[in-house]
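Note that ligands are numbered from 1 as they come in the structure, with each ligand's atoms numbered from 1 the same way.
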Amino acid sequence: MPRKKRKLFQAPRGTYDILPQDQIYWEKIRRVVRDLSGDYGFDRIDTPIIEDTEIFVKGTGQTTDIVEKQMYSFRSKGGDNLTLRPEGTPGVIRAYLENGFINLPHPVKLYYFGPMFRYEHPQAGRFRQFYQFGFEIIGGQEPVLDVQVIQLFLHILRDLGLKKTEVRINSLGCPECRPGFRRALVDYYRSRKNRICPECQKRLKGNPLRLLDCKEEKCQPVKAGAPASLDYLCHQCHNHLKSVLEFLDELEIPYFLDNQLVRGLDYYTKTVFEVTPEPGEVASGQETRQPISLGAGGRYDGLVKTLGGKPTPAVGMAAGVERIIHLMREQGVKVSARSSPKVFLVQLGELGQRKSLKIFEELHREEIHIAESLSKPSIKSQLKIADKLGAKFSLILGQQEALDGSVIIRDMESGVQETVPIAKVVSELKKRLGKK
Ligand code: HAM
């Protein structure tokens with residue numbers, strides 16, 4: 001009988017494993033984000049991965065691609081409508097309202113780091129489970145806060161060793177002036193309806209601002225002549241943008257005023273921005289030549305009210321961790337691996353193993369970086385590993401040493417060995433490693 005082939009499972013499409021050899025990038029990004037967020041006055045918040053579906057429908061927006069096509073939504077056994085969060089902002093605002101943050105001194109500055117889920121067409125830089133870190137400043141309307149978010153993100157990228165990134169910025173106006181722009185856009189596109197793609201015909205009805213997001217070849221000539229939001233800004237929005245740009249100038253942050261930047265989420269008001277690699281620095285292997293966005297955000301002065309709070313201005317952004325790692329690799333950023341252990345424990349036989357576990361703990365307590373390979377059967381194979389890891393010394397506990405209560409200290413560079421009593425091994429090692 002032919003043998004049945006065993007099925008090998010694979011990670012679901014658009015998801016991936018973060019393997020041990022990749023962890024150094026993740027650790028570095030986590031560390032830099034944590035340290036700099038703290039320096040800029042942000043406190044960490046972790047919200048659940050599942051939220052009430054309604055907060056995304058109301059918050060992110062009914063007509064957005066995220067809500068229309070990309071949410072992993074389900075009904076729980078108890079009958080609740082839940083969604084795996086496709087983005088972090090609505091959950092953070094829900095937590096802000098639910099936990100009485102409203103009574104804290106404002107603005108409240110929060111940051112997060114965690115997985116998001118979007119049912120997207122997987123391709124380079126686009127996953128179905130991906131990680132974001134993000135910042136939200138809630139309860140401040142000053143333009144300087146918009147700039148602080150951008151400044152912090154650029155600082156993080158710089159500390160990660162990434163160069164050559166570009167800021168694109170626009171203003172989408174507010175409920176006062178946006179309707180005028182929207183009307184102009186709809187009028188303009190309606191009279192050119194037969195020259196746009198079917199998707200844009202839909203956008204024209206549901207979410208006209210997204211017309212400016214279209215990447216279809218066919219729509220580009222129409223898009224090029226479309227009205228710009230900047231020409232419709234009210235006095236207040238105009239001044240807000242002016243101040244934001246002045247702050248950016250002051251900080252010598254180069255930017256590109258992009259009047260077709262609209263962003264894919266409904267809650268934005270006034271400032272929107274995106275940070276991309278400079279053209280030419282675009283990651284190879286991308287299906288599209290559009291620069292990928294490393295991070296993006298903007299002001300969302302209406303979201304707190306939409307989700308049930310008092311009118312509260314806010315601004316924030318989020319960044320894609322996978323995309324940042326990809327660019328770090330592309331730009332050849334060196335991330336140092338975990339430092340080599342100073343000492344490697346080699347042991348043979350059960351008694352040797354037992355004693356070495358104890359020594360392991362003692363050395364660890366003395367903060368001596370130590371490694372072992374308990375399951376390897378021979379001294380030779382263990383010494384090979386010690387060599388590979390770059391340990392300075394090996395401690396050898398064979399059958400005889402275990403019985404005698406002694407240990408061999410081997411200098412891995414010179415090969416010189418010395419036998420010392422177990423009781424003295426810590427002090428001997430400390431002496432050799434120059435530790436007090
Ligand atoms: P977003 O533009 O949807 O904004 O996502 C922010 C970043 O997440 C993107 O710039 C990109 O780097 C990354 N990203 C998005 N989708 C994927 C994906 N499928 N695979 C890999 N990376 C992805 C937001 O999520 C807003 N919550 C940002 C914000 C915070 N606005 C105000 N506060």
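Considering backbone and side-chain atoms together, Thr89 places an N or O closer than 3.5 Å to an N or O of ligand 1. The shortest N/O to N/O separation between Glu322 and ligand 1 does not fall below 3.5 Å. Considering backbone and side-chain N/O atoms, Leu294 comes within less than 3.5 Å of an N/O atom of ligand 1. Considering backbone and side-chain atoms alike, Met317 places an N or O below 3.5 Å from some N or O of ligand 1. Polar contact with ligand 1: present for Phe127 (N/O pair, distance under 3.5 Å).
Contact annotation: the side chain of Arg128 approaches that of Tyr72 to within less than 4.5 Å [non-hydrogen atoms, C-beta and beyond]. At least one side-chain heavy atom of Leu363 sits less than 4.5 Å from a side-chain heavy atom of Leu395. At least one side-chain heavy atom of Phe393 sits less than 4.5 Å from a side-chain heavy atom of Leu433.
For the 3.5 Å distance criterion, the side chains of Lys109 and Gln148 qualify, holding a donor opposite an acceptor. Side-chain contact of Glu136 with Tyr96: a donor-acceptor pair under 3.5 Å is absent, judged by distance alone.
Residue contact check: Gly295 has heavy atoms under 4.0 Å from atoms 10 (O) of ligand 1. Set against the non-hydrogen atoms of Ala318, the atoms of ligand 1 under 4.0 Å away are 6 (C), 7 (C), 28 (C), 29 (C), 30 (C). Taking every heavy atom of Gly125 and a limit of under 4.0 angstrom, the matching atoms of ligand 1 come to 20 (N), 21 (C), 22 (N). Which parts of ligand 1 touch Tyr267 is read off a 4.0 Å heavy-atom cut-off, strictly below it: atoms 26 (C), 27 (N), 31 (N). Counting atoms of ligand 1 from 1 in the listed order, those under 4.0 Å from a heavy atom of Gln132 are 5 (O), 6 (C), 7 (C), 8 (O), 24 (C), 25 (O). Counting the atoms of ligand 1 from 1 in the order shown, those under 4.0 Å from a heavy atom of Ser293 are 9 (C), 10 (O), 11 (C), 12 (O). Of all atoms in ligand 1, listed by their number and element, those nearer than 4.0 Å to a heavy atom of Gly297 are 31 (N). The ligand atoms of ligand 1 that sit less than 4.0 angstrom from a heavy atom of Tyr300 are 32 (C), 33 (N).
Taking the six-membered ring for Trp and thresholds of 30 and 60 degrees, Tyr131 and Trp26 have ring planes more than 60 degrees apart, a perpendicular arrangement.
A salt bridge does not link Asp159 to Arg31: none of the charged nitrogens lies less than 4.0 Å from a carboxylate oxygen. Taking 4.0 Å as the cut-off between side-chain N and carboxylate O, Glu199 and Lys69 count as a salt-bridged pair.
At a heavy-atom distance under 4.0 Å, no atom of Ile292 approaches ligand 1. Of all the heavy atoms of Arg126, the ones lying under 4.0 Å from any atom of ligand 1 are found in both the backbone and the side chain. Only the side chain of Glu136 comes within 4.0 Å of ligand 1, judged by heavy-atom distances.
Atom 31 (N) of ligand 1 has as its closest protein heavy atom Tyr268 OH, 2.7 Å. Remark: minimum distance from atom 3 (O) of ligand 1 to any protein heavy atom is reached at Arg118 NH2, 2.9 Å. Here the protein heavy atom with the shortest distance to atom 19 (N) of ligand 1 is Glu120 OE2, 2.6 Å. At the top of the distance list for atom 1 (P) of ligand 1, counting protein heavy atoms only, stands Arg263 NH2, 3.7 Å. The nearest heavy-atom contact from the protein to atom 13 (C) of ligand 1 is Gly320 CA, 3.6 Å. Given atom 27 (N) of ligand 1, the protein heavy atom at minimum distance is Glu87 OE1, 2.5 Å.
Of the candidates Phe130, Tyr131, Phe133, the one placing a heavy atom closest to atom 23 (C) of ligand 1 is Phe130. Which of Ala296, Gly134, Gly59 comes nearest to atom 28 (C) of ligand 1 through a heavy atom is settled by distance: it is Ala296.
Evaluated for a side-chain contact (heavy atoms from CB on, under 4.5 Å) with Leu160, the options Ile325, Ile324, Leu327 yield exactly one hit, Ile324. Of the options Phe135, Tyr112, Tyr111, a ring-ring contact (aromatic ring centres under 6.0 Å, His included) to Phe42 is made by Phe135 and by none of the others.
Note that the CD1 atom of Ile292 and the NE2 atom of His326 stand 6.5 Å from one another [nearest 0.5 Å]. To the nearest 0.5 Å, atoms CG (Leu212) and NZ (Lys223) are separated by 7.0 Å. Between the OG1 atom of Thr276 and the CZ atom of Arg168 there is a distance of 5.5 Å, given to the nearest 0.5 Å.
Counting non-hydrogen atoms of other residues, nucleotides and ligands closer than 6.0 Å to OH of Tyr255 gives a total above 12.
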